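Every value quoted in this text rests on a predicted model; they were computed, and no experiment measured them. The analysis underlying the following values was restricted to heavy atoms, covering all of them including side chains, and did not include hydrogens, waters or symmetry mates.
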Amino acid sequence: MAAPEDIWLRDVYEQHHRALHVHCYHLAGNVADADDLVQETYLRAWRSRDSFEGRSSVRTWLHRIATNVFLDHRKAAAARTAPAGDLFEWNTQLGPYPDALLDEDPLTGRAADELVELALIAALQHLPPRQRAAFVLRDIHGWTPTEIARLLGAAVPAANSLVQRARQTVRRHVPADPGHWRRPRLTAQDVRILHRYATATDVATLRELLAEDVRLTMPPDPPVLGIDATAEFLARPLDWRTVTSAANGRPAMVCYLRRPGMDRHEALVVDVLRIADGLIVEINAFVGAHHVAAFNLPPSLT
């Protein structure tokens, strides 16, 4: 028979998993790494469950553990230089967040309205780990400078400095108004364009969907720029199977490719579209079966 504290932690997991997973996605930038952070967070929470004294909310307690897990992982990683340029064009670690994971908050029963706009997630990856943690805790979760300083083992002025420097970097990459950081709302027009995009196979049809200055990113390969090059690239005669979806508030298409000589279509890429004025202005292609797995889809199709 499970001990009461074990039952309590299981209930905590069910209630707070979604919010904690989004927090870890903010820190990690992709679902696979967020999964690992959440798993380690609950392992640490289980080990220290007897020490929780209720001085803070359970959610705060879990976010504190998760942030420390993230910082510990970054300490253990090899030193790296700060990223530069447009991450969508070269960063293979960035990944989409399926809207299905945000459909309902178990604590409120309402659809979640999280800060998962892709531009914001990319901007966060420009921050060193401690700045990223400080920014997410302060500007997304509303922690006080004192709480952040305590978690980071820093003085309050130092914690405030981390937040200020992080804000300067983030706002170079995303709109200054935090109201624009939330995930967009998928419209009926978005869905119609997505379905047309999913079935388009020829250059002429694709051109009807694309803006003149459309950009397609697909790291580690270089981006494809402009309507002519993008339509030609997308119309290549390859054997695709696709599943329409949504990610980060945008229309998305999960793509499976059957290569010559293979019997099955293998998970390959998730396309996330940005649509403006009825045309696709950007396609962010996230290459790798792990991105497909984040949508709870199989690794291959017949």
Side-chain angles (χ1 to χ4, degrees), residues 18-38 40-41 62-75 77 79-99 101-102 112-143 145 147-148 151-152 154 159-184 217 219 247-250 270 272 274 282 284 286 290-291 294:
R18 185 198 58 76
L20 187 66
H21 194 260
V22 174
H23 173 62
C24 291
Y25 176 65
H26 286 141
L27 297 173
N30 65 79
V31 170
D33 286 346
D35 288 343
D36 291 342
L37 292 178
V38 170
E40 177 65 20
T41 295
L62 291 173
H63 279 57
R64 181 182 299 116
I65 296 173
T67 305
N68 278 319
V69 170
F70 165 73
L71 292 173
D72 288 347
H73 281 202
R74 288 307 172 104
K75 287 179 184 176
R80 62 181 180 86
T81 59
D86 189 331
L87 268 65
F88 289 110
E89 294 188 355
W90 64 267
N91 190 302
T92 59
Q93 300 304 309
L94 193 65
Y97 198 93
D99 275 16
L101 298 181
L102 293 170
D113 186 22
E114 297 285 358
L115 297 173
V116 293
E117 161 59 36
L118 263 175
L120 173 63
I121 301 304
L124 292 175
Q125 307 316 302
H126 285 276
L127 302 176
R130 286 168 64 84
Q131 283 189 33
R132 193 183 312 174
F135 178 91
V136 169
L137 293 172
R138 182 73 180 118
D139 283 8
I140 295 180
H141 299 301
W143 281 33
E147 290 173 323
I148 296 170
L151 183 148
L152 296 176
N160 283 333
S161 177
L162 287 172
V163 172
Q164 291 302 322
R165 281 181 284 155
R167 286 172 176 167
Q168 292 171 5
T169 299
V170 167
R171 285 171 177 151
R172 286 199 298 268
H173 298 278
V174 296
D177 182 359
H180 295 155
W181 297 352
R182 298 191 179 277
R183 66 169 172 159
T217 63
N248 301 82
R250 301 192 184 281
V270 177
V272 180
R274 184 162 65 87
E282 187 167 25
N284 299 125
F286 298 96
H290 59 292
H291 295 306

Next item on the list: Sequence neighbours left out, what passes side-chain hydrogen bond (donor to acceptor under 3.5 Å, both in side chains) with E282? Give chain and number order.
Entry: R215, R274, N284
Notebook entry, point to check: How about L20 and L37: do any of their side-chain heavy atoms sit closer than 4.5 Å?
Noted result: no
Note to self: For the OG1 atom of T169 and the CZ atom of R172, what is their distance to the nearest 0.5 Å?
What the structure shows: 4.0 Å
Next item on the list: Applying ring pair (Phe, Tyr, Trp, His ring centres under 6.0 Å), name anything that partners H26, two or more places apart in sequence or on another chain.
Entry: none
Checklist line | Smallest separation among heavy atoms of G29 and I121, with atom names | finding: CA-CG2, 4.0 Å
Item checked: Heavy-atom closest contact (H63 atom, A19 atom, distance) -> NE2-O, 4.0 Å
Next item on the list: Begin from the C-alpha positions of L71 and L152 and carry the test side chain to side chain contact (heavy atoms under 4.5 Å, CB included) through to its verdict.
Entry: CA-CA 9 Å; L71 292 173; L152 296 176; 3.6 Å; yes
Item checked: Single hit among V38, T41, D36, L27 for side chain to side chain contact (heavy atoms under 4.5 Å, CB included) with V69 -> T41
Check: Would you say L137 and E147 make side-chain contact, with heavy atoms under 4.5 Å?
Finding: no
Notebook entry, point to check: Between atom CG of N68 and atom CD of E40, what is the distance when rounded to the nearest 0.5 Å?
Noted result: 11.0 Å
Notebook entry, point to check: Minimum heavy-atom separation for G95 to H291, with atom names?
Noted result: CA-CE1, 3.6 Å
Notebook entry, point to check: Does a salt bridge link E117 with R250, judged by any charged N lying under 4.0 Å from a carboxylate O?
Noted result: yes
Next item on the list: Would you name the heavy atoms of D99 and A247 that are closest together and state the gap between them?
Entry: OD1-C, 3.3 Å
Notebook entry, point to check: Y25 versus L101: any side-chain heavy-atom pair under 4.5 Å?
Noted result: no
Check: Hey, does F286 have a side-chain heavy atom less than 4.5 Å from the side chain of L118?
Finding: yes
Check: Is there a side-chain contact between Y97 and N30 (heavy atoms, below 4.5 Å)?
Finding: no
Item checked: For the student: nearest non-hydrogen atoms of D139 and R171, plus distance -> OD2-NH2, 4.4 Å
Notebook entry, point to check: Taking side chain as C-beta onward, heavy atoms only, is R130 less than 4.5 Å from F135?
Noted result: no
Check: Taking only residues two or more places apart in sequence or in another chain, which ones pass salt bridge (charged side-chain N to carboxylate O under 4.0 Å, His left out) with R138?
Finding: none
Item checked: Side chains of P98 and V31 in contact at under 4.5 Å (non-hydrogen atoms) -> yes
Notebook entry, point to check: Q125 pairs by side chain to side chain donor-acceptor pair (under 3.5 Å) with which of Q93, H173, R132?
Noted result: R132
Margin query: Are the side chains of F88 and P219 in contact, using a 4.5 Å heavy-atom criterion?
Written below: no
Item checked: Exercise: identify the closest heavy-atom pair between A28 and D33 -> CB-CB, 3.6 Å
